[in-house]
Amino acid sequence: MRLSRYFIPVTKDVSSDEKMIASHKLMMQTGMMRQNAAGIYSWLPLGFKVLKKIEQIVREEMDRAGAIEMLMPTLQSADLWRESGRYDAYGPEMLRITDRHDRGLLYGPTNEEMITDIFRTYVKSYKQLPLNLYHQQWKFRDEVRPRFGVMRGREFYMKDAYSFDLDEASARVSYQKMFAAYLNTFNRLGVTAIPMQADPGPIGGDLSHEFLVLADSGESEVYCDKAVLDVPPPGEGFDFEDHDALIEEMEKRTKFYAATDEKHDEAAYAAIPADRQVKARGIEVGHIFYFGTKYSDPMKAEVQTKEGELTAIHGGSYGIGVSRLVGAIIEASHDENGIIWPDEVAPFGAGIISMKPDAEDCAAVADDVYAKLTAAGKDPLYDETSDRAGPKFGRMELIGLPWQVTVGPRGVKNGVVELKRRATGEKEDVSVEAAIARITES
RNA sequence: CGGAGUGUGGCGCAGCCUGGUAGCGCAUCUGGUUUGGGACCAGAGGGUCGUAGGUUCGAAUCCUAUCACUCCGACCA
């Protein structure tokens, strides 16, 4: 993309509010999004690209774990929620709407009822289980006090998956699959997300975990054993049908202490060797639950067993805050100069700065780099504007693409361009071919 | 929902106390000089001062109402 043809309203000045958290400020400065109302944002082209990249990674990892994608609407019928009893229970956070026929609707804060309704309509036999359906869709929760930009918006984009199993043992496996899939997902997104035992809700048991990304601005206080940070993710080759491996993936993390302030156990924490005690702040980016027959009972989501009996299915739900992750990733990965995008979610694979677009030789080399990186699928952002050096470097640094290629008269004379890695700040002069190769390998 | 505060060109702000017909910086446009780390000179465009009432000869400024947004606390992907 040529910067001069793109829509990316970068601004130096942003509100003087000192307390605004880094990610929100950076998203405003780089023109990733614009607030339209309290907790409601437009995603401008740069922000939208990142959102879509995260969505795609989440999709690939869900698919890999055997979940099946679909799409449910944002508006739901109030009647459906009366069936589960949550229409009254949910409270003022649910945005309720009335249509022209005076029928009750609501802007969905989540989709358990709707997916359960779909499930019960079509699935009648144990032979069709287990089943895991998911979608990525906008949600609305009428937060009392939205804040932190997209991290606590009222309208937000979420991946929510729902599993259906014949019994608890099978549901446990479905849960473990999601647990493993989440570890791979967050790893690919370039963040370290720690699973923590969460409040299991009315069902009880040990099957509810929150996944938190460590960041100073996080809303939750986090206590954990440093060792949990070093456990590697299951990895791409992981076999989701290997039940022993699934159990092991959970156990090798949950054996270490990790809890948010709500569940914190001072004694257990004190038992951790002092040099491994980590007290930090975290942002919740995922939450998984097993809830048994909480919805299938009142909504009669039943299947026939091998014996011909009707039995309520055992359900679980699994959320990832996709739009929140945009902010969370920035919180976890930025410096005083701007964002440092992890490779997989970067809006563009590389930035090209043409120092002298008016000089034919320089422009030719820059054009060449642009053409080659584009051909290599790296989707580069090409700054061929006539701005001065300062603003160009500053802007590219702020946007924080993984690689920067600077093409100027100095280097062109010697047959080299400057290649810079945003994360480390390392710079080196290399040939065009070498620069392309380095970027393409990453 | 309790407490505090703010609405003035695209953005950031001053002006309000003490009414007199709107200003500064950034950004934008034009011309020129510049050009490897956020340049300079000259000129230009752009605002019914959140909205609605009221007081007044006259309201951004005073009064009333209303809407929106922000921040601090209790709750949440």
Side-chain angles (χ1 to χ4, degrees), chain A residues 9-21 24-25 28-29 31 34-40 54 58 90-94 108-112 134 136-161 182 193 198-199 201 208-213 218-220 260 262 282-289 317-328 337-338 353-359 362 383 385-398 404 406-413 417-418 420 425 427 429:
Chain A
V10 173
T11 48
K12 243 188 315 185
D13 296 322
V14 71
S15 167
S16 58
D17 189 350
E18 297 296 324
K19 290 173 204 125
M20 189 187 287
I21 64 167
H24 190 192
K25 204 167 183 170
M28 302 291 275
Q29 284 184 315
R34 162 155 181 98
Q35 182 177 129
N36 299 300
I40 298 175
I54 296 172
V58 169
Y90 213 92
E93 265 189 30
M94 186 156 72
T110 175
N111 287 68
E112 279 86 0
Y134 78 98
Q136 304 198 47
Q137 177 62 291
W138 293 95
K139 303 285 188 294
F140 197 94
R141 292 185 193 172
D142 201 357
E143 295 279 348
V144 185
R145 185 153 116 71
R147 57 188 132 171
F148 307 137
V150 299
M151 292 210 288
R152 177 163 304 294
R154 289 193 295 168
E155 189 182 48
F156 58 97
Y157 200 58
M158 182 167 101
K159 183 285 296 179
D160 38 325
Y182 274 35
D199 187 351
S208 177
H209 287 89
E210 294 179 329
F211 289 74
L212 288 103
V213 170
E219 289 190 81
S220 317
T260 60
E262 290 165 6
I283 302 164
E284 184 184 350
V285 291
H287 202 153
I288 60 180
F289 304 87
S317 70
Y318 315 90
I320 288 181
V322 178
S323 51
R324 168 178 286 187
L325 267 161
V326 179
N337 295 323
I353 294 177
S354 179
M355 293 302 300
K356 250 192 174 335
D358 294 335
C362 283
D383 184 351
T385 64
S386 55
D387 292 334
R388 298 164 61 85
K392 285 192 171 199
F393 285 123
R395 181 168 53 210
M396 200 57 91
E397 202 73 356
L398 185 69
Q404 293 166 20
T406 302
V407 181
R410 247 168 27 195
V412 166
K413 201 166 57 186
V417 295
E418 182 191 276
K420 178 176 174 182
K427 290 190 262 193
D429 288 340

Looking only at atom [atom1], what distance separates [N] and [M], rounded to whole Å?
N	M	atom1	value
B:G50	B:U70	C1'	15 Å
B:C62	B:C49	P	15 Å
B:U8	B:U48	P	13 Å
B:G20	B:C11	P	26 Å
B:C40	B:G45	P	22 Å
B:G12	B:C41	P	26 Å
B:C24	B:G19	P	24 Å
B:U6	B:C63	P	13 Å

Whether over 12 other heavy atoms sit under 6.0 Å from A:Glu262 CD: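 For A:Glu262, atom CD is not crowded (no more than 12 foreign heavy atoms under 6.0 Å).
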
Gap separating the CZ atom of A:Phe140 from the CD atom of A:Glu93, nearest 0.5 angstrom: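 Taking CZ in A:Phe140 and CD in A:Glu93, the distance rounds to 10.5 Å.
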
Distance, nearest 0.5 Å, that separates CE of A:Met151 from CG of A:Leu325: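 The distance works out to 10.0 Å.
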
5′-ward residue of the pair A:Arg145/A:Glu219 relative to RNA chain B: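 The 5'-side residue here is A:Arg145.
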
Most 5' of A:Arg154 and A:Tyr157 on RNA chain B, judged by nearest nucleotide: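 Looking at RNA chain B, the more 5' nearest nucleotide goes with A:Arg154.
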
Could you check which nucleotide pairs with [N] in any of the strands shown, counting Watson-Crick or G-U wobble with both distances under 3.5 Å?
N	result
B:A60	none
B:A68	B:U6
B:C1	B:G73

Could you work out which one of [options] sits closest to the side chain of [X]?
X	options	answer
A:Pro391	B:A77, B:C69, B:G38	B:G38
A:Phe393	B:C71, B:C75, B:G36	B:G36
A:Lys356	B:U35, B:U70, B:G36	B:U35

Single hit among A:Lys139, A:His287, A:Glu112 for side chain to side chain contact (heavy atoms under 4.5 Å, CB included) with A:Asp160: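 Output: one option passes, namely A:Lys139.
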
Residue from A:Met396, A:Met355, A:Lys392 passing side chain to side chain contact (heavy atoms under 4.5 Å, CB included) with A:Thr406: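 The single option meeting the side chain to side chain contact (heavy atoms under 4.5 Å, CB included) with A:Thr406 is A:Met355.
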
Looking at [X], I'd like to know whether one of its side-chain N or O atoms comes within less than 4.0 Å of OP1 or OP2 on [N].
X	N	result
A:Gln35	B:U70	yes
A:Arg388	B:A39	yes
A:Arg147	B:C71	no

Protein-nucleotide distance (A:Met355, atom CE; B:A39, atom P), rounded to Å: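 That distance rounds to 12 Å.
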
Separation of B:A77 P from A:Asp160 CG (nearest whole Å):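 A:Asp160 atom CG is separated from B:A77 atom P by 12 Å.
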
Validation row: A:Phe148, A:Arg324 side chains within 4.5 angstrom (heavy atoms):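 SC-SC contact between A:Phe148 and A:Arg324 ruled out.
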
Under 5.5 Å and under 30°: A:Phe156 stacked on B:A77: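 Aromatic stack with B:A77 present for A:Phe156.
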
